[in-house]
*Asks:* 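The structure is given below, and queries will be raised subsequently.
Each chain gets a letter, A, B and so on, in the order its sequence line appears, and its residues count up from 1.
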Number of protein chains: 2
Amino acid sequence: MLSNKDSPVSLDQRNATRLRVLEHIRTRGATSRIDIATALNTSPATVTAATADLISAGLIKEVVGESKSKSAKRGRPRVLLQLDGSSYFVAGLKIARQVISVLLVDFEGKEVTLHTHSLNKTSMSPRDLVKTIYTALEEACSRTEMTIGDLSGVSIGIAGLVDAKRNFVHWSSSLTERNVDFSRLFKEYIPCPAFIENDANLVAKAEQLFGLGIGLRNFLVVTIEHGVGLGIVLDGKLYRGERGCGAEFGHAKVQLDGALCQCGQRGCLEAYVGDYALIREMTVATQDRKPETVSDIHERANSGEQMAISVLNRAGQMFGLGISNLINLFDPECIILSGAQMSFEHLCSDEVMDRIQSGVANVDAPLPDIKVHHWGDLMWAKGAAAYGIEQVSILKVKELPTNAA
Amino acid sequence: MLSNKDSPVSLDQRNATRLRVLEHIRTRGATSRIDIATALNTSPATVTAATADLISAGLIKEVVGESKSKSAKRGRPRVLLQLDGSSYFVAGLKIARQVISVLLVDFEGKEVTLHTHSLNKTSMSPRDLVKTIYTALEEACSRTEMTIGDLSGVSIGIAGLVDAKRNFVHWSSSLTERNVDFSRLFKEYIPCPAFIENDANLVAKAEQLFGLGIGLRNFLVVTIEHGVGLGIVLDGKLYRGERGCGAEFGHAKVQLDGALCQCGQRGCLEAYVGDYALIREMTVATQDRKPETVSDIHERANSGEQMAISVLNRAGQMFGLGISNLINLFDPECIILSGAQMSFEHLCSDEVMDRIQSGVANVDAPLPDIKVHHWGDLMWAKGAAAYGIEQVSILKVKELPTNAA
DNA sequence: GTTAAATATTTTACCCGCTGAAATAAATAT
DNA sequence: ATATTTATTTCAGCGGGTAAAATATTTAAC
């Protein structure tokens with residue numbers, strides 16, 4: 001009798017097909033089997049098999065409705081397939097300085113509830129952080145009919161250097177310790193799969209699944225907030241680097257021995273563009289009237305204050321220089337500038353775009369698209385949720401039986 | 001009767017396996033089938049099939065000799081497989097400013113002959129360039145018993161912005177025209193498959209196949225010569241960007257509105273590090289004693305001339321800044337500094353390494369290796385040959401019959 | 001209203017590449 | 001000479017995918 005052991009190659013192959021079908025449905029919305037087969041360049045028979053598996057797992061469902069693509073006049077109508085949001089739920093968390101945001105979403109990414117948990121310290125020990133995350137999750141669930149046990153995945157975004165593959169945080173301003181392996185702590189406190197990632201990478205995932213990156217395979221997402229973050233998507237996947245700490249754009253050096261940065265080094269982009277940098281500059285220049293936020297600086301600039309204009313202007317020039325370097329290196333399809341607040345117009349001005357243009361090696365081919373995306377406050381948590389949905393999709397597909405039931 | 005049409009998926013799958021086996025033999029040298037099966041995590045039966053195909057195509061051959069890995073005391077001895085260099089020959093060309101270097105190699109990369117064809121102009125029309133390439137190829141072949149018709153591939157390295165997938169050159173200092181599609185010209189003049197690529201990408205290929213990049217999957221190669229070039233290898237493949245003009249490191253901006261560069265922009269790394277930049281600086285500072293080469297500057301620095309020391313020092317600082325930015329973005333396994341001449345010690349000094357170290361976001365994990373590779377003068381042409389061998393390998397594998405003969 | 005045509009999906013028979021087990025090959029130890 | 005060990009090849013079978021046929025479900029035509 002021959003072995004019945006699953007050959008790993010074949011298993012991976014089939015799951016890869018299932019995942020490709022699932023991803024296509026997620027990005028394109030309600031689609032028919034025949035359209036999926038055409039789009040994925042595969043046979044209808046394969047799509048029938050894959051979708052049957054996904055339906056049995058509760059990941060997708062058949063819906064009634066009109067096909068968006070060419071509607072035939074005659075013949076059997078197409079059956080549309082859509083994500084089934086109701087089977088699984090995921091929590092996306094963003095660890096910010098003052099607050100943890102918890103966004104509970106269904107499997108389509110639709111918001112179930114949002115909860116904000118205040119922090120009294122801007123940094124804490126890993127164990128305390130995970131305990132606080134658990135509390136925040138419980139509070140969020142208590143607003144719904146769910147319990148933590150109903151969650152299929154928890155995804156956590158944090159600023160800093162994170163090796164997501166290992167749930168390992170090299171360093172984060174939210175932690176009092178370096179080199180933290182969260183996988184053990186998660187197993188101890190969180191009763192479902194949990195993932196931690198760099199926050200900018202998560203926003204990149206959100207752009208890819210729900211935002212301006214839908215359908216793109218090579219793009220960069222630059223996040224603008226307290227600091228400057230970067231997410232790199234190459235060939236449809238997040239690029240993280242060998243040790244998981246690549247895509248450090250905020251601390252790219254734009255000036256030899258330049259301004260002092262939070263990180264202790266000199267000349268970092270963030271030291272010219274980050275909000276704390278702008279506030280510091282304004283404070284030095286106008287001791288008596290310290291601005292509280294970047295919006296304050298904007299207001300003063302709009303009302304004609306030369307110093308404010310100059311500060312914002314230099315930030316824009318440095319930012320443009322950094323972006324042009326990204327284009328020179330990556331030559332992406334698109335760069336998405338993502339921010340949750342409206343306080344980064346000075347980084348999207350015509351002058352900045354001119355600076356970018358003038359810094360890119362000149363070819364007679366159109367520049368990559370530079371798109372500005374003003375998200376709501378939920379940007380970061382949505383990013384975490386997007387990543388969680390993706391990871392849980394992978395887990396659920398792997399759990400599918402090898403042979404049809 | 002059912003269709004016998006090859007399903008493209010399966011065909012690609014088998015060819016991918018054949019190529020993986022071929023690549024393994026190329027990088028590891030003489031190896032037995034059992035070792036290949038273990039290394040590629042596949043079954044001996046598959047390796048038997050793949051190697052039989054590769055042998056019938058003349059790509060590899062069985063050789064006698066001792067296995068390098070654990071030699072068993074008893075049992076059937078392992079049969080070693082090695083590249084068969086004698087079946088196919090490839091020409092690697094480097095278009096430099098004064099000269100075209102032609103390196104004829106066998107399929108193992110062993111030099112058959114080297115020929116240098118002088119140019120009387122530093123730039124010419126695309127058609128003239130291809131004609132000149134043909135002449136240079138003829139001259140090189142005439143030194144051997146080969147003719148151009150015996151070549152299985154011609155690979156051409158050129159400085160500038162090249163979209164290798166399309167054999168399209170956006171811009172090159174060696175051409176009097178922009179936006180040149182070489183595929184038609186190659187068909188017209190070159191009687192075998194021909195490929196054109198950015199020269200730094202080719203050096204990266206050479207490092208991957210023959211040099212310090214063997215076995216690495218994510219590394220960067222920085223070339224230092226007249227200008228500064230970059231080749232990016234991610235997941236074992238050259239990363240070229242969406243329009244094929246990524247990896248432009250020489251024109252990355254390291255200073256806002258800085259020194260004027262050849263390219264017409266300001267603040268490019270090359271404008272601080274390129275040899276013409278150093279010579280220009282020295283000329284301004286010491287009008288009466290213009291240095292001819294970077295080596296001259298080195299000599300003067302070694303003999304204690306402050307101005308020369310200062311010029312080289314600043315170049316090193318700027319270079320270190322650029323490298324640290326690469327590490328921050330890519331977090332590679334390794335960065336290889338490749339140069340054909342010995343005139344870049346000032347870019348590998350301890351001060352430069354300190355500058356790199358101090359510019360990399362700090363994690364408690366070892367920095368990527370920074371390796372210095374002093375090639376001979378053949379560096380560029382060897383790179384072209386490496387790329388040619390790889391491309392021809394792919395072509396030959398694709399030409400294999402679907403069913404065993 | 002019935003039938004024909006059109007189109008979507010499912011079923012079925014089979015192809016292809018890979019695998020494990022068995023067979024074979026080629027050496028050494030006894 | 002025979003047993004043992006190890007490498008390679010052969011071979012039957014598995015799993016995923018496909019083309020073609022079958023089936024399902026609609027509209028158009030009469």
Side-chain angles (χ1 to χ4, degrees), chain A residues 1-21 30-53 55 62 64-67 69-81 397 400-404, chain B residues 1-21 30-53 55 62 64-67 69-81 397 400-404:
Chain A
M1 182 175 146
L2 287 172
S3 161
N4 278 327
K5 191 187 156 214
D6 300 323
S7 83
V9 171
S10 307
L11 184 64
D12 282 349
Q13 193 174 326
R14 178 138 72 129
N15 280 342
T17 304
R18 288 161 167 167
L19 275 174
R20 279 202 311 147
V21 171
T31 326
S32 66
R33 290 176 178 82
I34 190 89
D35 285 336
I36 297 169
T38 310
L40 299 184
N41 200 26
T42 186
S43 72
T46 302
V47 176
T48 292
T51 53
D53 296 341
I55 288 171
E62 296 191 338
V64 288
E66 275 300 287
S67 171
S69 62
K70 74 142 203 284
S71 56
K73 294 237 148 68
R74 311 208 276 176
R76 179 174 173 171
R78 300 169 177 199
V79 178
L80 299 184
L81 298 162
V397 166
L400 280 170
T402 305
N403 300 310
Chain B
M1 183 176 148
L2 288 173
S3 162
N4 278 327
K5 192 188 154 212
D6 301 323
S7 82
V9 170
S10 306
L11 184 64
D12 283 349
Q13 193 173 324
R14 178 141 68 130
N15 279 341
T17 304
R18 287 160 167 167
L19 275 174
R20 281 201 309 148
V21 170
T31 326
S32 66
R33 290 177 178 82
I34 189 91
D35 286 335
I36 296 170
T38 310
L40 299 185
N41 200 27
T42 187
S43 72
T46 302
V47 176
T48 292
T51 53
D53 296 340
I55 288 171
E62 297 190 337
V64 288
E66 275 300 289
S67 172
S69 61
K70 74 144 204 286
S71 55
K73 293 232 148 57
R74 308 208 281 174
R76 179 174 174 173
R78 299 169 177 200
V79 178
L80 299 184
L81 298 162
V397 166
L400 281 170
T402 306
N403 301 310

*Asks:* Nearest 0.5 Å please: distance from the CZ atom of B:Arg20 over to the CG atom of B:Asn41.
*Replies:*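 The distance works out to 8.5 Å.
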*Asks:* Select one nucleotide: of C:dT11, D:dT10, C:dC18, the one nearest the side-chain heavy atoms of B:Ala45.
*Replies:*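 Of C:dT11, D:dT10, C:dC18, D:dT10 is nearest to the side chain of B:Ala45.
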*Asks:* Are OP1 or OP2 of D:dG17 and a side-chain N or O of A:Ser43 less than 4.0 angstrom apart?
*Replies:* no
*Asks:* Could you give the CG-to-P distance, from B:Asn41 to C:dC18, as a whole number of Å?
*Replies:* 13 Å
*Asks:* Starting at atom CD1 of A:Ile36, determine the distance to atom C1' of C:dT7, rounded to an integer number of angstrom.
*Replies:*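 After rounding, the reported distance stands at 17 Å.
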*Asks:* Using a heavy-atom cut-off of 4.0 Å across all strands, would you classify B:Val79 as base, sugar-phosphate, or nothing?
*Replies:* sugar-phosphate
*Asks:* Within the structure, does a side-chain N or O atom of A:Thr42 lie under 4.0 Å from either OP1 or OP2 of D:dG17?
*Replies:*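 No, no such contact exists.
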*Asks:* Specify the separation, in whole Å, of atom CG of A:Leu400 and atom C1' of D:dG16.
*Replies:*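 One finds 15 Å between C1' of D:dG16 and CG of A:Leu400, rounded.
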*Asks:* Are the side chains of B:Leu81 and B:Thr31 in touch, meaning some heavy atoms are under 4.5 Å apart?
*Replies:* no
*Asks:* For A:Leu40 and D:dG16, give me the distance from atom CG to atom P, rounded to whole Å.
*Replies:* 18 Å
*Asks:* Can you name the residues that form a side-chain hydrogen bond (donor to acceptor under 3.5 Å, both in side chains) with A:Thr51, not counting sequence neighbours?
*Replies:*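 If we apply the side-chain hydrogen bond (donor to acceptor under 3.5 Å, both in side chains) test to A:Thr51, skipping adjacent residues, the hits are A:Arg33.
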*Asks:* So, using side chain to side chain contact (heavy atoms under 4.5 Å, CB included) as the criterion, who are the partners of A:Thr17 when residues are at least two apart?
*Replies:*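 A:Thr17 satisfies side chain to side chain contact (heavy atoms under 4.5 Å, CB included) with A:Thr46 once adjacent residues are dropped.
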*Asks:* Considering just the side-chain nitrogens and oxygens of A:Ser32, establish if one lies under 4.0 Å of OP1 or OP2 belonging to C:dA8.
*Replies:*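 Checking C:dA8 against A:Ser32, no side-chain N or O comes under 4.0 Å of OP1 or OP2.
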*Asks:* Counting only side-chain N and O atoms of A:Thr46, is one of them less than 4.0 Å from OP1 or OP2 of D:dG16?
*Replies:* no
*Asks:* Side chains of B:Val47 and B:Thr42, heavy atoms from C-beta outward: is any pair under 4.5 Å?
*Replies:* yes
*Asks:* Which one is paired to D:dT18, where only Watson-Crick or G-U wobble pairs with both distances under 3.5 angstrom count?
*Replies:* C:dA13
*Asks:* Can you tell me the distance, in whole Å, between the CD atom of A:Glu62 and the P atom of C:dT9?
*Replies:* 9 Å
*Asks:* I need the CG-P distance between B:Asp35 and D:dA7, as an integer number of Å.
*Replies:* 8 Å
*Asks:* Looking at A:Thr38 and A:Ile34, would you say the former's side chain and the latter's main chain have a donor-acceptor pair under 3.5 Å?
*Replies:*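 Indeed, once roles are kept as given, a pair shorter than 3.5 Å links the two residues.
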*Asks:* What is the nucleic acid contact for A:Pro77, judged by heavy atoms within less than 4.0 Å: base, sugar-phosphate only, or nothing?
*Replies:*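 Sugar-phosphate, backbone atoms only, no base.
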*Asks:* Can you tell me if A:Arg76 touches the phosphate of C:dT9, counting only side-chain N or O atoms and a distance under 4.0 Å to OP1 or OP2?
*Replies:* no
*Asks:* To the nearest 0.5 Å, what is the distance between CG on B:Leu400 and CZ on B:Arg18?
*Replies:* 4.5 Å
*Asks:* Could you tell me which non-hydrogen atom of B:Val21 sits nearest to which non-hydrogen atom of B:Ala50, and how far apart they are?
*Replies:* CG2-CB, 4.0 Å
*Asks:* Between B:Gln13 (CD) and D:dG15 (P), how many Å, whole number?
*Replies:* 15 Å
*Asks:* On the nucleotide C:dT10, are OP1 or OP2 found under 4.0 Å from the side-chain N or O atoms that A:Arg33 carries?
*Replies:* yes
*Asks:* Take atom CG of B:Leu81 and atom P of D:dT9, then tell me their distance rounded to the nearest Å.
*Replies:* 9 Å
*Asks:* Can you pull every protein N or O that's under 3.5 Å from an N or O on nucleotides 28-30 of chain D?
*Replies:*
{"unit_1": "D:dA28", "atom_1": "O4'", "unit_2": "A:Arg74", "atom_2": "NH1", "d": "2.8"}

